[in-house]
Amino acid sequence: MADHRDAVLRLWGRRLYERQGEPLAWAEAVLEATGRPPTAVTAAMSGRLEALADSPSDRAWLLFRTVAKLAANLRGDGRYDADVGTRIGPLALWLGELEPPLAGPLGDALGHPPDGPTSLVNVHAAELSRNRRSIRLRAIDALLEWAELGHPQARAALSEVASDHRTQDVTVWAKALNRIALFGDASVEPGLLRALADTGHRGVRWSALACAELGFRGAVPLITALLEHPDPMVREGACEALGLFEERAAVPALAARLNDETNWVRSRAALALGRIGGDRALAVLWQAMMERRNPKASHLASAIAAFGPPVVDDLIALTTDPDPDLRALACRALGSTADDRALPPLERLAAHDLARTTLGGLVATAAKQGLRTAHRIRART
């Protein structure tokens with residue numbers, strides 16, 4: 001994307017054939033415009049490329065042979081050779097500059113090249129409606145690149161994608177919404193809310209996350225309802241979105257997801273509660289950890305650690321609990337706090353606690369992991 005002119009010319013060359021209603025007639029017009037002898041044009045159009053083997057190596061003949069090869073491919077199987085096509089536009093421009101008498105005929109045969117990045121963006125936007133999925137995916141990637149460079153038309157095209165989920169390939173939709181911060185503003189809110197209400201749409205998860213990314217708080221009730229969605233990926237996305245909103249009213253609904261049948265939903269719900277913070281969220285997480293509802297509960301320890309210094313004393317007290325599972329979870333949480341007070345109990349357990357947890361690990365091992373985590377965090381700060 002850095003060299004706009006080269007990108008424009010490559011795209012022009014690729015699309016020259018696609019713009020023609022009669023490709024072979026167009027190819028013949030280009031061949032004639034190069035000023036080569038009529039016998040060479042006839043040989044090229046009949047597919048006798050060997051007759052051109054001894055032709056000079058100047059740019060006019062190079063353009064001639066390039067178009068002749070394109071014509072031969074079209075005559076043989078009707079397929080366009082994009083690699084050949086990308087060379088036609090630049091060659092024609094160079095030839096017109098070097099041999100001014102040919103500039104007019106070539107211009108008539110080829111038309112004018114696109115006008116810089118704006119034309120490229122317009123072409124990519126049009127390609128979003130093409131039948132081939134690979135073209136649509138290539139187009140959305142290109143538009144995102146242009147949006148990252150600050151191109152206003154690219155951002156406008158992406159806003160149109162985000163505003164109507166019903167007309168978009170779900171993968172194209174998801175790619176756009178994953179980068180919503182590049183182009184999203186208040187204009188996309190109505191479309192995203194419609195998409196969010198369409199709970200049967202396969203992209204509803206990305207709708208929830210995009211609303212959270214842009215801070216559209218009107219989406220909170222719809223996202224909270226998605227916590228009951230049958231698809232675990234949607235439930236996980238809803239948990240993440242509510243965490244991004246730091247929505248305290250969602251704490252009871254997120255607490256219910258700590259008992260979700262899917263592990264990664266439980267984990268995301270815990271992380272969301274840790275991000276939301278507050279006494280209610282902490283109480284919910286602490287209760288879930290103490291009840292040991294699931295032996296794999298490290299996500300609860302990580303979420304509790306997010307509350308920082310206020311939880312350290314309670315976690316230190318938990319390192320003396322009779323239950324090895326709770327001592328191990330306390331070690332993981334203390335390590336993530338990286339608090340000075342956490343180091344002595346972690347060192348003690350690492351040296352002496354050889355009890356095994358329900359999953360078979362040593363409490364001492366959890367303590368060593370906690371120490372490594374604490375030292376790593378402290379080294380970065």
Side-chain angles (χ1 to χ4, degrees), residues 1 3-139 141-142:
M1 290 296 182
D3 192 334
H4 295 169
R5 184 176 185 276
D6 284 351
V8 168
L9 292 178
R10 285 195 299 273
L11 183 68
W12 181 38
R14 180 171 61 79
R15 293 183 60 82
L16 283 176
Y17 155 67
E18 296 173 1
R19 292 176 181 155
Q20 308 305 315
E22 299 179 4
L24 285 172
W26 165 80
E28 187 170 8
V30 176
L31 293 174
E32 291 172 347
T34 63
R36 301 308 97 181
T39 52
V41 174
T42 301
M45 291 305 298
S46 63
R48 293 186 287 110
L49 300 184
E50 68 280 357
L52 309 176
D54 297 328
S55 57
S57 58
D58 61 30
R59 284 183 172 83
W61 275 108
L62 181 56
L63 174 60
F64 189 93
R65 287 195 296 270
T66 299
V67 177
K69 182 178 178 183
L70 172 62
N73 290 347
L74 287 169
R75 185 179 295 279
D77 56 17
R79 296 178 62 187
Y80 173 60
D81 187 334
D83 182 57
V84 173
T86 55
R87 294 155 54 193
I88 295 172
L91 281 171
L93 284 185
W94 294 333
L95 182 57
E97 292 171 1
L98 292 170
E99 300 186 36
L102 297 182
L106 284 171
D108 293 338
L110 293 170
H112 297 288
D115 183 20
T118 296
S119 182
L120 279 172
V121 168
N122 291 338
V123 168
H124 291 313
E127 287 179 333
L128 291 175
S129 60
R130 296 284 292 273
N131 290 332
R132 287 180 57 187
R133 189 164 181 267
S134 60
I135 293 177
R136 297 196 300 272
L137 294 177
R138 182 185 66 201
D141 286 339

- Taking all non-hydrogen atoms of both residues into account, name the closest pair between Ala44 and Leu31 and its distance. CB-CD1, 3.9 Å
- Message: Using every non-hydrogen atom in the two residues, find where Glu32 and Val41 come nearest and quote the distance to one decimal.
- Response: CG-CG1, 4.1 Å
- Item | Closest non-hydrogen atom pair between Ile135 and Arg130, with its separation | CD1-NH2, 3.6 Å
- Item | Minimal non-hydrogen separation, Glu127 against Ala139, with atom names | CB-CB, 3.8 Å
- Task: Check Ser46 against Ala43 and note the closest heavy-atom contact, atom names and distance.
- Result: OG-O, 2.9 Å
